[in-house]
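In what follows, a single structure is set out as structure tokens and then discussed.
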Amino acid sequence: QVQLVESGGGLVQEGGSLRLSCTASGRTLSRLSVAWFRQAPGTEREFVAATKWNGGSPTYADSGKGRFTISRHNAENTVRLQMNNLKPEDTAVYYCTAGARLITSTLRDAAAYDYWGQGTQVTVSS
């Protein structure tokens, strides 16, 4: 069983930065596709960014392009999400998720993933 633990959330002012980490136990993340989703109160969970198990360019939602960077740190069995120039609309609970059988067309689909973390709160004040 894979366990994912997110960390790095917090309160930051508009324009600030946060780095979220997703650390796995039970399985090597390098063999899984990993993504970040987020959910604000009263909204659907939405895709943020993903890195596919077999490499290639990461995939980003339009809302984060140019501001967010997803990266793998295999020695630590960790995937990180660097978030710069944060905006109040980025406020949400951010979830890390991983899956074994994703293809490019399913990376943005939450239902395609097998494992989820508990989430970490990100709050951006204006």
Side-chain angles (χ1 to χ4, degrees):
Q1 184 72 7
V2 178
Q3 291 190 323
L4 303 176
V5 178
E6 302 97 335
S7 61
L11 173 64
V12 64
Q13 288 191 330
E14 185 174 6
S17 298
L18 283 174
R19 187 180 72 176
L20 306 183
S21 294
C22 172
T23 301
S25 59
R27 193 160 175 183
T28 302
L29 274 184
S30 63
R31 297 175 180 266
L32 301 173
S33 295
V34 181
W36 289 90
F37 284 74
R38 67 187 184 185
Q39 188 167 20
T43 69
E44 301 266 328
R45 192 167 294 190
E46 67 170 349
F47 171 78
V48 175
T51 173
K52 201 174 170 186
W53 70 273
N54 60 349
S57 299
T59 300
Y60 296 97
D62 288 345
S63 59
K65 280 181 181 176
R67 301 187 299 126
F68 295 176
T69 304
I70 188 170
S71 60
R72 291 181 178 270
H73 302 268
N74 292 336
E76 301 167 54
N77 208 23
T78 294
V79 171
R80 295 198 174 105
L81 182 69
Q82 177 68 41
M83 303 187 296
N84 298 327
N85 191 22
L86 283 161
K87 305 174 182 180
E89 51 263 43
D90 294 318
T91 296
V93 177
Y94 282 70
Y95 296 92
C96 175
T97 182
R101 291 172 295 276
L102 281 92
I103 56 176
T104 301
S105 61
T106 61
L107 286 174
R108 299 171 185 261
D109 182 2
Y113 291 85
D114 304 307
Y115 313 106
W116 289 84
Q118 293 299 307
T120 185
Q121 177 70 47
V122 170
T123 303
V124 184
S125 63
S126 57

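Nothing fancy with the numbering, it's 1 onward along the sequence.
At distances below 3.5 Å, not a single donor-acceptor pair connects side-chain atoms of Asp90 with backbone N or O atoms of Val122. No donor-acceptor distance shorter than 3.5 angstrom exists from the side chain of Arg108 to the backbone of Ala49, with no hydrogens or angles considered. Under the 3.5 Å distance criterion, the side-chain polar atoms of Glu6 are matched with a main-chain donor or acceptor of Gln118. Looking only at distances, a side-chain donor or acceptor of Arg72 sits under 3.5 Å from a matching main-chain atom of Thr51. No side-chain donor-acceptor contact under 3.5 Å links Tyr115 to the backbone of Gln1. Judged by distance alone, the side chain of Asn77 and the main-chain N or O of Arg27 form a donor-acceptor pair under 3.5 Å. In terms of modelled atom types and a separation under 3.5 Å, the side chain of Ser33 and the main chain of Trp53 share a donor-acceptor contact.
To the nearest 0.5 Å, the span separating CD on Glu76 from OG on Ser21 amounts to 7.5 Å. Note that CD of Gln82 is 7.0 Å distant from CZ of Arg19, once rounded to the nearest 0.5 Å. Atom CZ of Arg45 is separated from atom CZ of Arg38 by 13.0 Å, given to the nearest 0.5 angstrom. Of the inter-residue distances, the one linking Thr104 atom OG1 with Asn54 atom CG reads 7.5 Å to the nearest 0.5 angstrom. Note that OG of Ser7 and CZ of Arg80 are 8.0 Å apart. Values are rounded to the nearest 0.5 Å.
Contact detail for Asn85 and Arg67: the closest heavy-atom pair is O-NH1, 3.0 Å. For the pair Ala98 and Leu29, the tightest heavy-atom approach, listed with the atom from each and the gap, is CB-CD2, 4.1 Å. Contact detail for Ala92 and Ala40: the closest heavy-atom pair is CB-N, 3.8 Å. The minimum heavy-atom distance linking Ala112 with Leu102 is given by the pair O-CD1, 3.7 Å.
With contacts defined as side-chain heavy-atom distances shorter than 4.5 Å, the pair Val124/Leu18 does not qualify. At least one side-chain heavy atom of Leu86 sits less than 4.5 Å from a side-chain heavy atom of Phe68. Counting heavy atoms from C-beta outward, Cys96 and Trp116 have side chains that stay 4.5 Å or more apart. For the pair Thr59/Lys52, no side-chain contact is recorded, criterion being any heavy-atom separation below 4.5 Å from C-beta on. Side chains of Tyr60 and Ile70 form a contact here, defined as non-hydrogen atoms less than 4.5 Å apart.
For the residue pair Thr123 and Thr91, no side-chain donor N or O sits within less than 3.5 Å of a side-chain acceptor on the partner.
Put simply, Leu81 and Val12 are part of the same group of oily side chains (I, L, V, M, F, W, Y) that touch within less than 4.5 Å, one to the next. Under the 4.5 Å side-chain heavy-atom criterion for ILVMFWY residues, no single connected hydrophobic cluster contains both Phe37 and Leu32.
Residue Gln3 places its CD atom among 12 or fewer non-hydrogen atoms of other residues, nucleotides or ligands, all under 6.0 Å distant.
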Verdict with reasoning, Leu107 to Tyr113, per side chain to side chain contact (heavy atoms under 4.5 Å, CB included): CA-CA 8 Å; Leu107 286 174; Tyr113 291 85; 3.7 Å; yes
Side chain to side chain contact (heavy atoms under 4.5 Å, CB included) assessment of Tyr95 paired with Leu4: CA-CA 9 Å; Tyr95 296 92; Leu4 303 176; over 6 Å; no
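Residues Lys65 and Asp62 are paired through a salt bridge, judged by an N-O separation under 4.0 Å between the basic side chain and the carboxylate.
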